[in-house]
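Contents: one structure, followed by commentary.
Below, read A as the first sequence line, B as the second, and so on, with proteins coming before strands; counting in each chain starts at 1. Just the heavy atoms: all of them, side chains too, but no hydrogens, waters or symmetry mates, feed the values below. Being a predicted model, the structure only gives us computed values, none of them experimental.
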Amino acid sequence: MPELPEVEVVRAGLAPAVVGARIEACTVLDARALTRHAGSPASFEQEVTGGSIDAAARRGKFLWFPLRGSDRAVVAHLGMSGQMLLREPGAPTERHERIRWDIVHPEHGELSVLFVDQRTFGSLAVDDLAPTPDGAAGGWGTETATVPTQVSHIARDPLDPAFDQGRFHADLARRTSAIKRILLDQAVVSGIGNIYADEALWAARIHPETSAASLSRVARQRLLDAVVAVMTKALAEGGTSFDAQYVNVNGQAGYFAHSLEAYGRTGSPCTRCGTPIVRVAFTNRSSHYCPRCQRRR
DNA sequence: AGAGCTCCCTGTAAGC
DNA sequence: TGCTTACAGGGAGCTC
């Protein structure tokens with residue numbers, strides 16, 4: 001499932017191909033990919049066609065592509081199964097392809113950008129860009145201090161140079177919910193999904209059901225450091241280089257799977273203490289943790 | 001405002 | 001073997 005490291009791999013893979021490119025044609029194959037778009041599929045196609053992409057930006061799990069001279073951007077969220085793929089022009093339709101752009105890049109020539117999404121939780125939309133309240137760049141991949149209105153409520157992610165550590169500490173100290181729920185709240189800290197939440201809690205030796213407010217400042221910082229460490233490591237292992245001939249930008253997870261310590265390791269020994277990792281239900285999801293290293297307080 | 005729940009969707013895998 | 005059910009889960013939106 002694409003979380004921050006996977007989405008960043010997609011952003012970094014797309015950037016050399018799409019920044020500076022002009023969208024010559026846009027085809028919506030499935031309107032369900034436009035659930036966040038305010039207008040009709042025809043209006044999406046019309047507005048995107050002819051647009052030139054100025055940047056490939058990301059905050060948390062959201063991507064956006066500012067359109068030149070318009071104060072508007074195409075916003076993309078991959079949901080659970082979304083992919084953005086680069087293909088040669090005229091490439092056959094993918095099984096779950098929802099939207100396609102035919103672009104022309106001044107250096108790389110013609111390419112197709114495919115939005116493919118099996119479970120349709122992802123979407124594209126055209127949205128207004130609004131100034132950031134803190135005046136810093138909107139996210140990775142852009143120096144412009146704007147962010148799409150759909151993304152404005154999303155907190156900066158922990159890898160963002162303008163991430164507000166003080167606000168992170170204050171939010172955790174104030175919230176009484178389980179720390180895992182708070183980690184997954186994109187308005188508190190963005191980019192974390194179920195996998196990296198479990199990994200960071202394991203690394204910081206914190207039980208997922210611990211009340212956020214009960215954590216000491218030291219524990220909060222240890223957790224934040226763990227989030228940064230696990231995401232940085234995942235990103236480094238997933239980094240891919242741009243291939244001008246045939247670019248395959250793949251949003252699927254899995255490359256980091258061999259490094260996982262908690263997620264998906266139910267019954268396997270904790271690599272720190274040997275105790276079997278347990279799995280418990282958690283708000284329609286699962287939590288994986290070591291019952292010995294991550295004692296409930 | 002915060003907490004906690006449902007819903008959206010499809011493919012895979014486990015269970016009977 | 002074939003059907004049914006559980007499960008994966010991001011984030012909007014709802015109620016209390």
Side-chain angles (χ1 to χ4, degrees), chain A residues 1-11 29-38 58-64 75-84 93-99 115-125 127 139 147-157 167-168 170-201 208-215 227 231 234 250-254 256-257 260 262-267 277-288:
Chain A
M1 316 313 144
E3 304 181 26
L4 185 153
E6 292 77 23
V7 179
E8 175 55 24
V9 167
V10 171
R11 190 206 65 77
L29 300 157
D30 190 330
R32 292 177 300 175
L34 293 174
T35 50
R36 294 162 187 267
H37 181 68
R58 181 192 56 76
R59 175 185 294 197
K61 304 169 194 171
F62 280 88
L63 296 166
W64 69 94
V75 181
H77 196 290
L78 303 180
M80 270 188 67
S81 55
Q83 296 172 287
M84 295 193 78
T93 305
E94 294 283 331
R95 174 129 185 242
H96 299 293
E97 184 174 335
R98 311 298 184 195
I99 293 172
F115 180 69
V116 177
D117 187 15
Q118 176 201 106
R119 279 180 252 187
T120 72
F121 279 24
S123 67
L124 302 189
D127 193 15
V147 68
T149 57
Q150 288 182 14
V151 186
S152 61
H153 68 290
I154 299 295
R156 291 182 180 278
D157 61 67
R167 189 182 137 184
F168 174 82
D171 282 350
L172 264 58
R174 187 166 44 85
R175 303 284 289 271
T176 56
S177 293
I179 182 58
K180 177 157 175 188
R181 177 186 290 275
I182 304 301
L183 279 183
L184 295 175
D185 185 343
Q186 306 296 304
V188 172
V189 52
S190 68
I192 304 172
N194 205 39
I195 295 170
Y196 294 111
D198 281 358
E199 292 302 299
L201 288 165
E209 294 292 336
T210 309
S211 162
S214 74
L215 293 172
V227 168
M231 285 187 166
N250 191 329
Q252 283 185 324
F256 188 63
L260 295 175
Y263 184 85
R265 295 196 66 243
T266 311
I277 298 291
V278 299
R279 172 186 154 183
V280 297
F282 171 80
T283 62
N284 276 346
R285 300 191 173 103
S286 297
S287 285
H288 311 74

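In this structure, A/P5 and A/Y196 have side chains that are in contact, with non-hydrogen atoms separated by less than 4.5 Å.
For the pair A/D185 and A/R175, the salt-bridge criterion is met [side-chain N within less than 4.0 Å of a carboxylate O]. Between A/D127 and A/R36 there is no salt bridge, since no side-chain nitrogen of the basic residue lies less than 4.0 Å from a carboxylate oxygen of the acidic one.
Taking atom CG on A/D157 and atom P on C/dG10, their separation rounds to 15 Å, with Å as the unit. The interatomic distance linking A/R36 (CZ) with C/dA12 (C1') rounds to 8 Å, in whole Å. To the nearest angstrom, P of B/dT10 lies 16 Å from CD of A/Q83. The interatomic distance linking A/D30 (CG) with B/dT10 (C1') rounds to 12 Å, in whole Å. A/L63 has its CG atom 15 Å from the P atom of C/dG10, to the nearest Å. We find that CZ of A/F282 is positioned 19 Å from C1' of C/dA6, with the value rounded to whole Å. Between the P atom of C/dG10 and the CZ atom of A/R32 lies a distance of 20 Å, rounded to the nearest Å. Here the C1' atom of nucleotide B/dT12 and the CZ atom of A/R119 are 9 Å apart, to the nearest Å.
With A/N194 as the partner, the side-chain hydrogen bond (donor to acceptor under 3.5 Å, both in side chains) test is satisfied by one option alone out of A/H288, A/E199, A/R285, A/K180: A/K180.
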A/V278 and A/T266: side chain to side chain contact (heavy atoms under 4.5 Å, CB included), yes or no, with the steps?
-> CA-CA 5 Å; A/V278 299; A/T266 311; 5.9 Å; no

Can you check salt bridge (Lys or Arg N to Asp or Glu O under 4.0 Å) on A/R58 and A/E8, steps first, answer last?
-> CA-CA 7 Å; A/R58 181 192 56 76; A/E8 175 55 24; 2.7 Å; yes

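Minimum atom distance to the side chain of A/R95 is reached by B/dG11, of the listed B/dT10, B/dG11, C/dA12. Here C/dG10 is the nucleotide among C/dG10, B/dC9, C/dG11 with the atom lying nearest to any side-chain atom of A/N194.
No donor-acceptor pair closer than 3.5 Å links the side chain of A/S81 to the backbone N or O of A/D117.
For the pair A/H96 and B/dG11, the criterion of a side-chain N or O lying under 4.0 Å from OP1 or OP2 is met. The phosphate of B/dT10 has neither OP1 nor OP2 within less than 4.0 Å of any side-chain N or O from A/Q118. Between A/H77 and C/dG11 there is a side-chain N or O to OP1 or OP2 distance below 4.0 Å. Of the side-chain N and O atoms in A/S286, one or more sit less than 4.0 angstrom from OP1 or OP2 of C/dA8.
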The contact string for nucleotides 3-8 of chain B, one letter per nucleotide 5' to 3', using protein heavy atoms under 4.0 Å with B, S and - for base, sugar-phosphate only and none, comes out as SBSB-B

